[in-house]
Amino acid sequence: MAKYVYSFGKDGTDGDATMKNLLGGKGANLAEMAKIGLPVPSGFTITTEVCTYFYANGNQYPPELEAQVNDAMVAIEKTMGKKFGDNKDLPLLVSCRSGARESMPGMMDTVLNIGLNDKTVDVLAKKSGDERFAWDCYRRFVQMYGGVVLDMKPKSKTDHDPFEELLEKKKEKAGVKEDADLKPEHLKELVKEFKAAVKKQTGKDFPDDPMEQVWGAVGAVFGSWMNDRAIVYRRMYGIPHEWGTAVNVQAMVFGNMGNDCATGVALTRNGATGEKGITGDYLINAQGEDVVAGIRMPKKIEESLNKDMPVCWKQFAEVAMKLENHYKDVQDIEFTIERQNLWMLQTRNAKRTGFAAVRAAVDMVNEGLITPEQAIARIPANDITQLLQPVFSGAGLKGKTPIAKGINAGPGAATGQIHFQPDEAEAAWQKDNNAKIILVRMETTPEDLRGMKVANGILTSRGGAASHAALVSRQMGKACVCGCEAIAIDYKAETMTVGKETFKKGDWISVDGFTGNVYKGEVPTSPSEVLQVLFEKSLKPKDAPLYQCFQQLMSWSDRFRKLGVRTNADNPKESDQAIALGAEGIGLTRTEHMFFDHIDDFRKMILSETVADREKALAPLLGHQQKDFEGIFRAMKGRPVTIRLLDPPLHEFVPHEDKEQTDLAKKMGIKPEEVKRRVKELHEFNPMLGHRGCRLGIVYPEITRMQATAICQAAVAVMKEGIDCHPEIMIPLVGNITEYRNQEKIIREAATAVFKKAGVTPDYLVGTMIELPRACVTADKIAEGAEFFSFGTNDLTQTGLGISRDDYGTFINEYREMDIFSDDPFQTLDQEGVGGLMKIAVEKGKSARSDIKLGICGEHGGDPASVKFCHKIGLNYVSCSPLRLPVARLAAAQAAITEKKEKAARKAEGGCGCCANCKGGCGCKCCSNCKCGCKG
Ligand code: PEP
Ligand code: MG
């Protein structure tokens with residue numbers, strides 16, 4: 001019989017931490033904690049397979065589930081020594097929580113205090129000796145159950161929450177401000193009123209039967225897997241919808257039974273900076289949700305728990321360290337103290353900023369807790385860009401006084417216009433993707449996710465370092481200042497007031513997530529610590545601890561990676577910066593960028609009517625280009641430099657406005673009509689598929705000749721200075737070997753002439769970009785001539801998918817929202833389609849020229865998933881913009897480490913380990929004899 005329910009607790013645990021796919025992260029870790037002897041309230045996990053079944057079968061459960069749940073409930077009763085629905089003795093109450101494979105903080109639903117009804121609440125009141133506590137639990141339960149299970153939550157901003165309304169009225173009537181000041185009789189009245197509201201809105205009585213309550217909660221939690229915010233979250237973090245969530249039903253323990261009780265969340269290291277030591281928030285006499293929701297200002301664990309509850313603090317600190325050592329990673333822990341007894345409710349690998357990820361990983365290697373390989377594997381490669389982002393410092397802050405200070409929850413510097421409503425922030429961003437937004441909220445909830453996503457920075461007036469705002473902004477790598485109590489927010493008036501000053505929606509403010517400071521207006525930024533060391537040289541490495549961690553991680557990455565890393569750079573400055581960030585060569589110099597510096601000469605060439613005139617116009621350009629190339633060659637100091645010949649259509653270089661055309665005509669000494677006529681001639685309906693790439697050099701061979709001559713003369717000049725030089729001349733947009741041969745001939749003739757005259761012959765290559773499906777399919781023919789291929793995946797995506805790279809903005813958001821595309825194909829390689837074409841080209845290219853050099857220079861060269869794909873299909877290098885180089889280095893190392901692990905696993909299964917096809921038993925001796933079809 002299929003097993004759908006896994007129990008955990010001190011009397012027996014079925015699962016463990018390795019079973020995340022089946023039990024979800026929370027379930028697997030609860031099982032693991034119980035297994036290693038930590039105090040975990042017992043419970044059970046309903047597997048993710050049930051979620052999949054639930055959605056595949058019209059929200060039905062597998063028939064075996066009911067009996068398994070009943071058995072598991074009995075097991076909890078036995079371990080906890082209480083009975084569910086007991087109306088004589090202290091009753092067992094349970095919680096019901098979601099728990100997906102990857103944690104999705106706050107995105108799905110939770111129901112607490114299940115098992116309470118008019119009878120059990122009385123017993124709870126009597127046996128706990130605290131009537132207020134019992135009725136407060138019941139009041140919270142009816143409210144939570146009504147919202148989550150009975151769907152009574154407000155659906156929009158203007159809807160009222162019936163429970164909140166009743167609660168507010170009650171407080172008003174009782175003359176109190178806080179929920180905590182309501183007396184038992186008020187709470188009793190409230191429960192009655194809540195139930196009446198349920199009857200009125202749903203037409204049904206509130207369920208009294210404890211098991212019916214459990215099933216209602218289980219269904220609601222499975223249902224919440226498909227709520228809007230969970231879907232948005234999954235899309236954002238690439239979590240497949242098919243995974244489903246598990247459901248955890250667990251005995252309740254209470255942090256709200258008096259002042260000897262508490263509840264809290266803690267990290268074993270600082271989630272914002274990575275610094276060692278427990279940090280976190282707790283509240284005395286509260287339930288867990290109160291801490292995360294940020295409704296009451298929590299206390300800091302590291303500051304006062306040892307004074308409030310010394311024995312529990314000591315025990316907690318030991319457990320926290322035990323967990324970090326056990327998981328060998330920073331842990332994010334939820335706990336409750338019930339009458340001085342510590343209970344662990346959750347542990348998971350903590351969400352952290354890029355800063356914290358790098359610092360904690362490097363520290364843990366130095367502490368001997370993990371290996372460099374493990375450190376590399378656990379850092380999301382994209383997160384490392386956070387270390388390169390600008391900060392507020394020195395000059396920018398001169399003369400600025402913070403208007404307020406909150407908790408520095410997510411490092412980074414952000415400046416932008418105030419928005420109070422997440423949906424309005426999203427709309428502003430949709431109107432202008434470059435809009436700078438600071439989302440200002442009292443506290444954030446999972447509903448605010450879309451607004452948080454588009455904001456540069458987040459500022460809240462409540463909540464601590466473990467509040468929702470802090471947690472989510474850290475994960476998103478956004479600057480966040482939370483718990484900034486000095487600001488008073490008025491959502492209705494759309495204002496925020498600090499002291500005597502009032503800021504309106506749209507006013508500019510700046511938040512510093514490193515210090516927690518908030519500033520009025522725009523604060524200019526300075527380069528990050530890493531770039532101050534590497535680019536500006538204004539900071540010494542020894543004075544830059546963050547740089548030291550960064551550099552350590554990069555050097556480990558370089559040790560493991562097999563892929564080369566190059567950069568896309570068009571001038572010596574970019575080349576220098578790229579070398580500082582680890583570039584081993586240039587993968588793409590777009591020569592057209594240089595033409596913009598000498599635009600008049602280039603326009604003269606375009607306006608020429610005859611070949612002779614064109615050649616005359618090109619003569620000064622040769623000198624300019626040669627100088628530019630010399631600068632790059634010098635900067636690259638012997639590293640290979642790929643230079644692409646002119647690619648964009650000529651119309652991009654001519655003026656289109658009347659006045660500019662007249663000015664140009666005057667400069668050129670021709671009539672304005674002539675300029676207009678030529679511009680008209682150059683007009684194309686679809687220029688991206690028009691006269692561009694090698695088609696320009698074929699129709700205007702003198703351009704190719706000039707550029708090849710400039711490259712070769714530059715190489716010779718630099719070599720004569722004693723600097724080694726390896727130019728790689730690249731022909732763009734080739735689809736046919738005949739195009740390639742046409743251009744290659746011109747290049748080689750020009751090169752031979754230059755080298756013969758100079759008496760120096762640099763080591764140079766001629767190759768092509770692969771940007772067209774035809775080029776991929778005929779790559780064997782092209783490779784007969786081309787010495788290297790560089791995949792131009794921007795154009796290959798455009799031509800392979802038939803989607804214009806300039807116009808896809810009109811529908812990509814809808815495609816992403818509707819899950820038609822799982823990613824933006826111009827950011828992350830479409831591995832199946834475009835990647836499939838690349839695989840064909842690699843295979844065919846190698847079949848014709850076994851040592852062909854293979855690289856990628858499209859934007860995908862700096863995208864982690866795409867870099868890993870490039871490793872897999874056997875490219876020699878990836879090339880990306882300088883600031884993406886650290887991402888590429890880290891992702892390339894991760895790819896190599898994963899491959900090593902997979903090989904070892906295949907070997908362990910008895911296969912050769914060399915190829916993924918070999919499932920063992922092929923009998924080969926490392927493939928010399930391979931029968932599995934991988935051909936060694
Ligand atoms: C490409 O197409 O991927 C490429 C690098 O060229 P460009 O973006 O200049 O067209
Ligand atoms: Mg291109």
Side-chain angles (χ1 to χ4, degrees), residues 565-571 574 578 583 585-596 641-653 684 686-697 703 707 728-736 739-740 743 767-776 779 782 786 788-809 824-831 833-835 837-838 841-842 853-863 865-867 869-870 873 875-882 884-885 888:
V565 287
R566 293 197 189 184
T567 192
N568 296 354
D570 300 337
N571 55 54
E574 283 173 10
I586 288 183
L588 174 65
T589 289
R590 291 178 165 102
T591 45
E592 61 269 19
H593 291 173
M594 300 163 166
F595 286 139
F596 283 104
V641 176
T642 308
I643 298 172
R644 180 180 71 185
L645 302 181
L646 185 66
D647 182 20
L650 295 183
H651 82 94
E652 284 190 13
F653 299 93
E684 293 175 294
N686 202 344
M688 273 291 129
L689 298 178
H691 196 181
R692 59 167 289 214
C694 65
R695 299 159 199 170
L696 287 171
I703 300 180
Q707 290 201 291
E728 299 178 349
I729 304 175
M730 181 155 77
I731 306 166
L733 212 76
V734 163
N736 196 310
E739 292 174 316
Y740 178 82
Q743 291 292 284
T768 179
M769 292 197 73
I770 298 286
E771 301 176 277
L772 299 170
R774 192 183 195 284
C776 296
I782 296 174
F788 67 87
F789 286 170
S790 177
F791 287 97
T793 44
N794 304 332
D795 273 310
L796 191 58
T797 299
Q798 170 165 261
T799 54
L801 269 60
I803 292 179
S804 158
R805 60 196 267 192
D806 301 311
D807 299 320
Y808 82 119
D824 176 339
F826 287 99
Q827 285 180 15
T828 279
L829 198 71
D830 158 33
Q831 294 184 14
V834 177
L837 287 168
M838 289 170 73
V842 167
K853 222 180 209 185
L854 299 167
I856 178 175
C857 63
E859 284 307 300
H860 306 90
D863 166 67
S866 313
V867 170
F869 178 79
C870 292
I873 64 171
L875 299 197
N876 300 99
Y877 69 84
V878 294
S879 186
C880 57
S881 54
R884 298 296 297 179
L885 280 160

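Just the heavy atoms: all of them, side chains too, but no hydrogens, waters or symmetry mates, feed the values below. Counting convention: from 1, in listed order, for ligands and their atoms alike.
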Test side chain to side chain contact (heavy atoms under 4.5 Å, CB included) on Glu771 and Gln798; report intermediate values, then the result.
CA-CA 9 Å; Glu771 301 176 277; Gln798 170 165 261; over 6 Å; no
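- Judged by distance alone, the side chain of His691 and the main-chain N or O of His651 form no donor-acceptor pair under 3.5 Å.
- Near ligand 1, residues Leu588, Arg590, Arg644, Asp647, Arg692, Met769, Glu771, Gly792, Thr793, Asn794, Asp795, Arg805, Cys857, Gly858 come within 4.0 angstrom through at least one heavy atom.
- Of the possible polar contacts, none joining the Thr589 side chain to the Asp570 backbone as a donor-acceptor pair under 3.5 Å is found.
- A donor-acceptor contact shorter than 3.5 Å is absent between the side chain of Thr642 and the backbone of Leu588.
- Taking 2.8 Å as the criterion, Asp647 does not count as a coordinating residue of the Mg ion (ligand 2), since none of its N, O or S atoms falls below it.
- The atom of Glu771 nearest to the Mg ion (ligand 2) is OE2, with the search restricted to N, O or S atoms.
- Without hydrogens or angle criteria, Thr591 side chain to Arg644 main chain gives a donor-acceptor distance under 3.5 Å.
- The minimum distance between the Mg ion (ligand 2) and any N, O or S atom of Asp795 involves atom OD2.
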Hey, mind stepping through Arg805 and Asp795 against salt bridge (Lys or Arg N to Asp or Glu O under 4.0 Å) and telling me if it holds?
CA-CA 8 Å; Arg805 60 196 267 192; Asp795 273 310; 3.2 Å; yes
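- Ion pairing of Glu652 with Arg692 is absent here, as no side-chain N (NZ or NE/NH1/NH2) approaches a carboxylate O to less than 4.0 Å.
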